[in-house]
**Q** 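Sharing a structure here in structure tokens format.
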Amino acid sequence: MKKLADKLAHRQDEGSLRKLTLRPDLIDFFSNDYLGLARNRELYCLIENELSTQAGNVNGATGSRLLSGNSAYVEELELFFAKLFKSPKALLFNSGYNANLSILSAIPQKEDTIIYDELIHASLKDGARLSFAQRFSFKHNDLKDLEAKIQRAKGEVYIAVESVYSMDGDFAPLLEILELTTKYHAHLIVDEAHSTGVWGEKGNGMCCYLGIEDKIFARVYTFGKGMGAHGACIAGSEILIDFLINFARPFIYTTSLPLHSLVTLKAGFEYLENEISLQEKIRSKIHLFRTLIEGTESLSVMIQESYSPIQVLRISGNEKAKAIALAVQSKGFDVRAILSPTVKEGEERLRICLHVFNSDVEIERLVKTLVESL
Ligand SMILES: Cc1ncc(COP(=O)(O)O)c(C=O)c1O
């Protein structure tokens, strides 16, 4: 126990101790609910209506997918997702973490190589660590470094990137990465966590938006961000999906999603199809925020380039980033500091997430407060 207590004390000393917090009184500028679907009462009623028509195991799935946790509803939903994501097949997972853990732990074999962007999400890194394949990272969005790493790789090569990076909000140069992937006969895995719902026709993400979906080995869509729900799905070939069903331990050894989650996903995508203007609305909020920031002397030099709902102000140092976040919170805005070791030392930041429900006045007041809090 002393060893554990010492490690916690060390975190406390360096200002990086993680704690659960609850501030429902503040204006949300930090959640991943970009399209406001998690709080949407109209969608809630649609979900309730659909649930009330269902029979059978309405409260829980009762087992894993390979045992009693399969159902006609989940199979139909996967057909729906295969169509939506323009893919031969789709497979649901309990979370994006599970989907990412599955793909990198199960697919690349001992003689193969995983190459991943240094900024990919922890779930992909954990998946790579569970794999017997060798693994390298490449510098963020750096095509030269990626090519050099591909040239050093052995066996089948799997390249893992995010379409929109969760901590920086920037895009991967997907077309150029795809070109390299094709040149070296590698397999591209794209985590679409932060583009699901927000880009693409009916919210089907960045790869479909760019029209490259059929060239991607595997796409991971998560539903806890723009869709305001929970769960994830991998879209890809029939062999990929059959392989995951057989070998992906985070898929095999867990109780599957309850009916309520499945209904929420179906209703959420149907709702978004009818309310696709939410995508335009979030883009106009991003535009307003960036215009206001770029109009200030102090913030314009701190803001990173990002055209996604994730906006980043670089503030070096855990203590400084925390102090500014606290000052902004004291004025009623929930923005959070992202500290090292979640990001590299020196790259600490305020991560500000924009939502369709943030009014223009709130965004203007937030920017003014940020200027005053520096
Ligand atoms: C890029 C990325 N991939 C995967 C995940 C994990 O998804 P989930 O929250 O559904 O487990 C996250 C969420 O934190 C993420 O940001």
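The first residue in the sequence is number 1, and the count goes up from there.
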**Q** Does any N or O in the side chain of N274 come within less than 3.5 Å of the main-chain N or O of Y271, such that one atom is a donor and the other an acceptor?
**A**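 No; zero donor-acceptor contacts below 3.5 Å.
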**Q** Measuring from M227:CE to Y34:OH, what's the distance to the nearest 0.5 Å?
**A**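 One finds 13.5 Å between CE of M227 and OH of Y34.
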**Q** Looking at D360 and K285, does any basic side-chain N land under 4.0 Å from a carboxylate oxygen?
**A**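 Salt bridge: yes.
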**Q** For I177 and A172, work out which heavy atoms get closest and say how close.
**A** CD1-CB, 4.3 Å
**Q** For residues L272 and G203, report the shortest heavy-atom separation together with the two atoms involved.
**A** CD2-CA, 3.9 Å
**Q** More than 12 foreign heavy atoms under 6.0 Å from NZ of K144: is that the case here?
**A** no
**Q** Report yes if the distance between the aromatic ring centroids of Y158 and F217 is under 6.0 Å, otherwise no.
**A**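 Yes, the ring of Y158 comes within the 6.0 Å limit of the ring of F217, centre to centre.
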**Q** Of all heavy-atom pairs between L35 and L278, which one has the smallest distance, and what is that distance?
**A**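 Shortest heavy-atom contact: CD2-O, 3.9 Å.
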**Q** Are any side-chain N or O atoms of R219 and backbone N or O atoms of F85, one a donor and one an acceptor, separated by less than 3.5 Å?
**A** yes
**Q** Using a 6.0 Å cut-off, check whether atom NZ of K331 has over 12 heavy atoms from anything other than its own residue.
**A** no
**Q** Hey, does the side chain of S261 reach the backbone of L257 with a donor-acceptor pair shorter than 3.5 angstrom?
**A** no
**Q** Does any donor atom in the side chain of T254 or S64 lie under 3.5 Å from an acceptor atom in the other side chain?
**A**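 Judged by distance alone, the side chains do not pair up.
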**Q** For the residue pair E192 and V220, establish whether any side-chain heavy-atom pair is separated by less than 4.5 Å.
**A**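 Counting from C-beta outward, E192 and V220 never come under 4.5 Å.
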**Q** Is it true that K89 and D242 have a side-chain N and a carboxylate O under 4.0 angstrom from each other?
**A**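 Result for this pair is yes, salt bridge flagged.
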**Q** Go through the steps to decide whether S306 and R290 satisfy the test side chain to side chain contact (heavy atoms under 4.5 Å, CB included), and finish with yes or no.
**A** CA-CA 9 Å; S306 159; R290 290 197 66 88; 4.2 Å; yes
**Q** Applying side chain to side chain contact (heavy atoms under 4.5 Å, CB included) to S340 and N318, what does each step give before you reach the verdict?
**A** CA-CA 7 Å; S340 62; N318 277 352; 3.4 Å; yes
**Q** Is the distance between the ring centroids of F269 and F81 under 6.0 Å?
**A** yes
**Q** Does NZ or CZ of R152 fall inside the cone over F136's six-membered ring, less than 6.0 Å from its centre and within 45° of the axis?
**A** yes
**Q** Check for a donor-acceptor pair, side chain of R283 on one end and backbone N or O of V198 on the other, with a separation under 3.5 Å.
**A**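 Looks like yes, one N/O pair under 3.5 Å.
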**Q** Is the W199 ring parallel, tilted or perpendicular to the F171 ring (thresholds 30°, 60°)?
**A** perpendicular
**Q** Measure from the ring center of Y165 to the ring center of H140 and say whether it is less than 6.0 Å.
**A** yes
**Q** Of all heavy-atom pairs between N98 and P250, which one has the smallest distance, and what is that distance?
**A** ND2-O, 3.4 Å
**Q** Is a side-chain donor or acceptor of D33 paired with a backbone partner of L37 at a separation under 3.5 angstrom?
**A**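 Looks like yes, one N/O pair under 3.5 Å.
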**Q** Could you grab the distance from atom CD1 of I212 to atom SG of C207, nearest 0.5 Å is fine?
**A** 4.5 Å
**Q** List in chain and number order the residues that pass salt bridge (charged side-chain N to carboxylate O under 4.0 Å, His left out) with E14, two or more places apart in sequence or in another chain; answer none if no residue qualifies.
**A** none
**Q** Name the residue from I150, D145, V161 that meets the side chain to side chain contact (heavy atoms under 4.5 Å, CB included) definition with I115.
**A** I150
**Q** Drop me the distance from S277's OG to I282's CD1, to the nearest 0.5 angstrom.
**A**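 Here the interatomic distance stands at 12.0 Å.
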**Q** Any salt bridge linking E179 with K215? Criterion: basic side-chain nitrogen under 4.0 Å from a carboxylate oxygen.
**A** no
**Q** Under 4.0 Å between a side-chain nitrogen and a carboxylate oxygen: does that hold for R336 and D334?
**A** yes
**Q** Hey, is OH on Y44 packed in by over 12 heavy atoms from elsewhere, all under 6.0 Å?
**A** no
**Q** Go through the steps to decide whether Y73 and V263 satisfy the test side chain to side chain contact (heavy atoms under 4.5 Å, CB included), and finish with yes or no.
**A** CA-CA 9 Å; Y73 201 97; V263 167; 3.5 Å; yes
**Q** Under 3.5 Å, side chain of Q279 to main-chain N/O of G197, donor-acceptor pair present?
**A**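 Yes.
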**Q** Rounded at 0.5 Å granularity, tell me how far CG in D142 sits from CD in E147.
**A** 11.0 Å
**Q** Do other residues, nucleotides or ligands put more than 12 heavy atoms under 6.0 Å from the CD atom of E345?
**A** no
**Q** Between T181 and H187, is any side-chain donor less than 3.5 angstrom from a side-chain acceptor?
**A** no
**Q** Got more than 12 heavy atoms from elsewhere within 6.0 Å of CD, E294?
**A**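 Yes - once you tally the heavy atoms of other residues, nucleotides and ligands closer than 6.0 Å, there are more than 12.
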**Q** Hey, does the side chain of K125 reach the backbone of E118 with a donor-acceptor pair shorter than 3.5 angstrom?
**A**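 Pair found, side chain donor or acceptor close to backbone of E118.
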**Q** Taking NZ, NE, NH1 and NH2 as the nitrogens, is one of them in D13 or R11 under 4.0 Å from a carboxylate oxygen of the other?
**A**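 No, D13 and R11 are not salt-bridged.
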**Q** Could you tell me the separation between the CG atom of N358 and the CD1 atom of I363, rounded to the nearest 0.5 Å?
**A**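 N358 CG to I363 CD1: 5.5 Å, rounded to 0.5 Å.
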**Q** Checking F29 against L350 for the side chain to side chain contact (heavy atoms under 4.5 Å, CB included) test, could you report, in this order, the C-alpha distance in whole Å, the side-chain angles of both residues, the deciding distance, and whether it holds?
**A** CA-CA 11 Å; F29 275 104; L350 281 193; over 6 Å; no
**Q** Locate the shortest heavy-atom distance separating V164 from S195; write the atom from each residue and the value.
**A**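 Result for this residue pair: CG2-CB, 4.0 Å.
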**Q** Is the side chain of S87 donor-acceptor paired with the backbone N or O of G236 at a distance under 3.5 Å, no angle test?
**A** yes
**Q** Determine, for F357 and R39, whether the Lys NZ or Arg CZ falls below 6.0 Å from the six-membered ring centre while staying within 45 degrees of the axis.
**A** yes
**Q** Between E75 and N70, is there a side-chain donor-acceptor contact under 3.5 Å, judged purely by atom types and distance?
**A** yes
**Q** Can you confirm if the aromatic rings of F251 and F93 lie within a centre distance of less than 6.0 Å?
**A** yes
**Q** Within the distance-only criterion (no hydrogens, no angle test), does the side chain of S308 pair as donor or acceptor with the backbone N or O of G169 below 3.5 angstrom?
**A** yes
**Q** Will you find, in the side chains of D28 and S31, an N or O donor that is under 3.5 Å from an N or O acceptor?
**A**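 A pair is found: one side chain offers a donor N or O, the other an acceptor, under 3.5 Å apart.
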**Q** Would you find more than 12 non-hydrogen atoms of other residues, nucleotides or ligands less than 6.0 Å from Q151 atom CD?
**A** yes
**Q** Quiz question: by atom type and distance under 3.5 Å, do the side chains of Q329 and R23 form a donor-acceptor pair?
**A**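 No.
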**Q** Report, as yes or no, whether the 6.0 Å neighbourhood of atom OH on Y209 holds more than 12 heavy atoms from other residues, nucleotides or ligands.
**A**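 No, the 6.0 Å shell around OH holds no more than 12 heavy atoms from other groups.
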**Q** Just by modelled atom types, is the F132 backbone N or O under 3.5 Å from a matching donor or acceptor in the Q109 side chain?
**A**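 No, the answer is negative, given that no donor and acceptor are paired below the 3.5 Å cut-off.
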**Q** Testing E50, E273, E78, E76 one by one against K266 for a salt bridge (charged side-chain N to carboxylate O under 4.0 Å, His left out), which residue passes?
**A** E50
**Q** Which distance, rounded to the nearest 0.5 Å, do you find between the NZ of K3 and the CG of L8?
**A** 13.5 Å
**Q** Does CG in L175 sit with more than 12 non-hydrogen atoms of other residues, nucleotides or ligands closer than 6.0 Å?
**A** yes
**Q** Do Y221 and D191 have side-chain N/O donor and acceptor atoms under 3.5 Å apart?
**A**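 No pair is found: no donor N or O on one side chain lies under 3.5 Å from an acceptor on the other.
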**Q** Which residues pass the side chain to side chain contact (heavy atoms under 4.5 Å, CB included) test with D214, not counting sequence neighbours?
**A** none
**Q** Scan side-chain atoms only and decide if T369 and E372 contain a donor-acceptor pair under the 3.5 Å cut-off.
**A** no
**Q** Tell me, please, whether F30 has R351 positioned over its six-membered ring: NZ or CZ under 6.0 Å from the ring centre and within 45 degrees of its axis?
**A**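 Cation-pi check for R351 and F30: fails.
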**Q** In plain terms, say whether R349 and D168 are close enough for a salt bridge, that is, a side-chain N and a carboxylate O under 4.0 Å apart.
**A** yes
